[in-house]
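Every heavy atom of this structure was used, including side-chain atoms; hydrogens, water molecules and symmetry mates were not. So you know, we letter chains A, B, ... as the sequences are listed, proteins then strands, and number each from 1.
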Amino acid sequence: MAMLGSVLHLSPMVLTITSSTSRSFLPKQSERTKEATSSSLKNCKTIDELRMFHHSLTKLGDVSVTTITKLVARSCELGTRESLSFAKEVFDYSEANVELNGSCFVYNSLIRGYASAGLCKDAILLFLRMMNSGISPDKYTFPFGLSACAKSRANRNGIQIHGLIVKLDYAKDLFVQNSLVHFYAECGELDCARKVFDKMSERNVVSWTSMICGYARRDLAKDAVDLFFQMMRDENVTPNSVTMVCVISACAKLEDLEMGDKVYAFIRSSGIEVNDFMISALVDMYMKCNANDIAKRLFDQYGVRNLDLCNAMASNYVRQGLTKEALGVLNVMMDSGIRPDRISMLSAISSCSQLRNILWGKSCHGYVLRNGLESWDNICNALIDMYMKCHRQDAAFRIFDQMSNKTVVTWNSIIAGYVENGEVDAAWETFNTMPEKNIVSWNTIISALVQESMFEEAIEVFISMQSQEGVNADGVTVMSIASACGHLGALDLAKWIYYYIEKNGIQLDVRLGTTLVDMFSRCGDPESAMSIFNSLTNRDVSAWTAAIRAMAMAGYAKRAMELFNEMIEQGLKPDGVVFVGALTACSHGGLVQQGKEIFNSMEKLHGVAPEDVHYGCMVDLLGRAGLLEEALQFIKDMPMEPNDVIWNSLLAGSRVQGNVEIAAYAAERIQVLAPERTGSYVLLSNVYASAGRWNDMAKVRLSMKEKGLRKPPGTSLIQIRGKTHEFTSGDESHPEMPQIEAMLDEITQAANHLGHVPHLRNVLMDVDEKEKIFMLSRHSEKLAMAYGLISSNKGTTLRIVKNLRVCSDCHSFAKFASKVYNREIVLRDNNRFHFIRQGKCSCGDYW
DNA sequence: CTAGGGTTAG
């Protein structure tokens, strides 16, 4: 009925045609019908009505350029596929039958229509055809053409048009200039945009807004804000709501809450209209700044009735990982009668995949099918991601196979899905065969390799990505690589990555900063770690934790405690993780009293309930300090059942103190709780060996043998000229083994000469003394040390990473080597650093 | 005639 109503509102002329088959009732062409043309066109809401209108025009012989232009414009406005092709029909007809007299009006109309309907290629082709037909463009033609070029990133065509503008002397027109600024900005040519902008003799709001928006859309949000302030100082121009939407989105990009607040305050005081666009932008900004409470308040204030606003809320919740909240918004939205659109569904499906909730995921899929949203490839991509994450590969591939235009995102969802399902090989194969890769593809595969502990492979891929494919890394890439680097303890590479970040202007936010602090601390460079930490603004608890851990690992317990206190003073709420860092620091530094105070403050002052790791830290702290009885009592007083990790802490403490009874007791408990835990046997046999109780030691070894347990092999890494060399205890496969052996002999002789006595109790095998000495001499850290000495320049620091605790013989050996060869040796074991120089170690032989 | 928010994959 509604449609019929709109037909009835048409001019009498069209009404006549719809209601009658007889042509004799057609009105004669008159002034009245001409006046009615415009308004009746506006009332045409369907393609059929437009066809009838056109038909009547032809019958009446009204083929004026103006009317045809209006008809084309209206057809395009309807925006459907049919209406656009009808516009083309009318256009072709007019080109053949209407006396255009070189007029560009019809062309303008269709170029504009194509551009605004997203058919940018057609718009550009039409523009070029117009040039070839010798029809002169007017000042309206250029903005339409440039808008098409901007939308489709047709840089070369845009530049051509710019040339034409100069040639035909339209370069002084304000609208043309604005379009040029927008075109260049949209194509990422900010410098060109700025050049046009700077040369303008007169600028209006649109000029400023286009430029500001250009900066905001690329990662130059700071320039956007700066330019806005410059605009405010210009008396000839006043920002409007479009300008403010751009400025708000710049604040969102910068995650600058303070600035965002100021901008919002300005909007309210200036009386600029707060429209729906702006509310969405504000909500988005507040959520990107993690000020969800303010966003929520705005949301509640302006109401759910706005679909776009709901979408902004939901998508940000999804981004923050708050999937329940995202789905909540969508539910509230549906309750108030708003149908979710495809953007809403992206958030909904993405929530389901984050939650791994196949049930909700399937129901989203159902909604998508019922509403015909599956034709949009983004929706398919989201569905593929969801099914892959829910381990339904078959369902994912059913969608994948049906997709007509698979994009790079589609392929990325597949490789990420394979990784998620543990099929890294399949991911790698797909990665190598996919038709197009972007930075996300590379990041997916690099992070998969890092997750699989294939650090060197990850770095290789990272290097070939840039050298062979010319792809630039982003913040996500360097996060993965920094993590790989930290695991390898590769300091040179670490420094290079830091340099890379600075050189390429990769934004160093808290997350990346924290990763770098961690990287440098794991590479044995606590100074660089701290200088990055000090440069960070907006430090969160994780950042502080990384700094505290850096100090703890390097043995600076006091500094670690200062950092902890500083963090509390700044009003941050500590979590369980930072307490582990603080307690570890106390433990390494022997700060018993402080450790106890911190532990006691956890629940009372900070409301963080101690978990078993924290109890473990305390047992470690007490045990290392020789307070074994107290440690044992502490375990007995625990509110939960002590696990094997806690008993192992006690055992380790007993080893340091040489307390056989407690060691045996702890080892017994571990064998009940975790019989496969090899390390405890090794520790216990060490304790017996130190006490000279060889029989007991033999028993431990025997029981290991019976259970088929072997000490896991020690491995050590060292980087020489960017290449990682890995040595395993007793392994002789290194190509330079003869030279390494010669070097080992040389150091051993020198060390023995200075009083080194081999710590034979580190050898658990039942072999003769000579064999023991030999086995000891082939420990992985010694091999790495010897190789380092022969293959690096004199005086440079040797950096070695070991997978297990460093053995006491190797520790002593390293001290001698540092003195004899005048080298600093940095040795990282599985829980701390040893900085060894001139025969002394930073750990004070307490580890 | 020119300028605007929300868009899946790491």
Examine the side chains of D518(A) and T515(A) and answer whether a donor and an acceptor come within less than 3.5 Å of each other.
no
Categorize D138(A) for me: base, sugar-phosphate, or nothing, with a 4.0 angstrom heavy-atom threshold over every strand shown.
nothing
Hey, are E325(A) and K296(A) close enough for a salt bridge, meaning a charged N less than 4.0 Å from a carboxylate O?
no
Could you please spell out the steps behind the side chain to side chain contact (heavy atoms under 4.5 Å, CB included) verdict for F462(A) and T477(A)?
CA-CA 8 Å; F462(A) 169 65; T477(A) 329; 3.8 Å; yes
Of the listed nucleotides dG4(B), dT8(B), dA3(B), the one nearest the side chain of V206(A):
dA3(B)
Kindly indicate whether the side chain of R203(A), heavy atoms from C-beta on, has any atom under 4.5 Å from the side chain of V237(A).
no
Length of the line joining W208(A):CH2 and dT2(B):P, which is rounded to integer Å
22 Å
Per-pair stack call Y140(A) and dC1(B), 5.5 Å, 30°
no
Distance check needed: dA3(B) C1' versus Q177(A) CD, whole Å only.
15 Å
Does M386(A) reach the side chain of N357(A), with side-chain heavy atoms less than 4.5 Å apart?
no
Please work out if K389(A) contacts a base, only the sugar-phosphate, or nothing of the nucleic acid, heavy-atom cut-off 4.0 Å.
sugar-phosphate
With a 3.5 Å cut-off and no angle check, do the side chains of T407(A) and D377(A) form a donor-acceptor pair?
no
Among the nucleotides dA9(B), dA3(B), dG6(B), which one has an atom lying closest to any side-chain atom of K288(A)?
dG6(B)
Roughly how many Å is it from CZ in F197(A) to C1' in dT2(B), rounded to a whole number?
14 Å
Quick one: which of dG6(B), dT2(B), dA3(B) gets closest to the side chain of A312(A)?
dG6(B)
From the candidates dA9(B), dG4(B), dA3(B), the one with an atom nearest any side-chain atom of S241(A) is dG4(B)
Side chains of Q402(A) and E374(A): any donor to acceptor distance under 3.5 Å?
no
Give one of base, sugar-phosphate or nothing for D377(A), where a contact means two heavy atoms less than 4.0 Å apart.
nothing
Can you list the residues that meet the side chain to side chain donor-acceptor pair (under 3.5 Å) rule with Q320(A), with sequence neighbours excluded?
N292(A)
Any side-chain N or O of S350(A) less than 4.0 Å from the OP1 or OP2 oxygen of dT8(B)?
no
Close approaches to DNA chain B from residues 457-466 of chain A, in residue order (heavy atom, under 4.0 Å)
none
Which nucleotide, dT2(B), dG4(B), dA9(B), lies nearest any side-chain atom of R217(A)?
dG4(B)
With a 3.5 Å cut-off and heavy atoms only, can you find an N or O donor on one side and an acceptor on the other between the side chain of N378(A) and the base of dT7(B)?
yes
Rounded to whole Å, how long is the line connecting atom CD1 of I272(A) with atom P of dA3(B)?
19 Å
Starting at atom CD1 of I349(A), determine the distance to atom P of dG6(B), rounded to an integer number of angstrom.
20 Å
With sequence neighbours excluded, what pairs up with D261(A) under the side chain to side chain donor-acceptor pair (under 3.5 Å) test?
Y286(A)
Rounded to whole angstrom units, what separation is found between the CD1 atom of I212(A) and the C1' atom of dG4(B)?
12 Å
From dG4(B), dA3(B), dT7(B), nucleotide with atom closest to F277(A) side chain
dG4(B)
Report the distance from atom OH of Y107(A) to atom P of dC1(B), rounded to the nearest whole Å.
22 Å
State which of dG4(B), dT8(B), dC1(B) makes the closest approach to the side chain of P143(A).
dC1(B)
Using a heavy-atom cut-off of under 4.0 Å over every strand shown, decide if L346(A) touches base, sugar-phosphate, or nothing.
sugar-phosphate
With sugar-phosphate meaning primed atoms plus P, OP1 and OP2, does F144(A) contact a base, only sugar-phosphate, or nothing at under 4.0 Å between heavy atoms?
sugar-phosphate
Nearest to side-chain heavy atoms of N275(A), which nucleotide of dT2(B), dG4(B), dG6(B):
dG4(B)
Name the nucleic acid region contacted by N108(A), choosing base, sugar-phosphate or nothing; use a 4.0 angstrom heavy-atom cut-off, strictly under.
nothing
Mind checking if N306(A) touches a base, just sugar-phosphate, or nothing, with heavy atoms under 4.0 Å?
nothing
Under 4.0 Å from OP1 or OP2 of dA3(B): is there any side-chain N or O of H182(A) that close?
yes
Rounded to the nearest angstrom, tell me the gap between atom OH in Y215(A) and atom C1' in dG4(B).
18 Å
